[in-house]
Amino acid sequence: MAIKSETKTLQLTFVDGISKNVSYSISNPKSDLTKETVDTAAKAIVDSKIFATTEGGNLTGLKSSQIVTRKVETLE
């Protein structure tokens, strides 16, 4: 019998002051996320300037967002 598992991760890619990509991954995001909700939260992160890179300074915007689903089936 196979054991199945599924995990979801929200991947956010931001851009910093020198156009360098900065990625963050959040495990087990809410199942009802919409693009609008993610964009609003990302804007709040950028506006609050709570994350910065060593070279590029503060994040300047969200480049992309995606939910990645990973399914694993372990054979026994």
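We use all heavy atoms of the structure for the numbers below, so side chains are in, but hydrogens, waters and symmetry mates are not.
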Distance-only check: which donor-acceptor pairs under 3.5 Å involve side-chain atoms of residues 12-28, not counting sequence neighbours?
residue: T13; atom: OG1; partner: S23; partner atom: OG; Å: 3.4
residue: D16; atom: OD1; partner: I18; partner atom: N; Å: 3.1
residue: D16; atom: OD1; partner: S19; partner atom: N; Å: 3.4
residue: D16; atom: OD1; partner: K20; partner atom: N; Å: 2.9
residue: D16; atom: OD2; partner: T53; partner atom: OG1; Å: 2.7
residue: N21; atom: OD1; partner: K63; partner atom: NZ; Å: 3.4

Could you measure the distance from the [atom1] atom of [X] to the [atom2] atom of [Y]? Nearest 0.5 Å is fine.
| X | Y | atom1 | atom2 | answer |
| --- | --- | --- | --- | --- |
| I67 | L33 | CD1 | CG | 5.0 Å |
| T74 | K4 | OG1 | NZ | 11.0 Å |
| D47 | N58 | CG | CG | 10.5 Å |

Evaluate the criterion side chain to side chain contact (heavy atoms under 4.5 Å, CB included) for residue pair V46 and L62; output intermediate values, then yes/no. CA-CA 8 Å; V46 170; L62 180 66; 5.7 Å; no

Given L10, T9, T37, the one that forms side chain to side chain contact (heavy atoms under 4.5 Å, CB included) with P29: L10

My understanding is that only residues two or more places apart in sequence, or in another chain, count here; which of them pass salt bridge (charged side-chain N to carboxylate O under 4.0 Å, His left out) with K71? E6

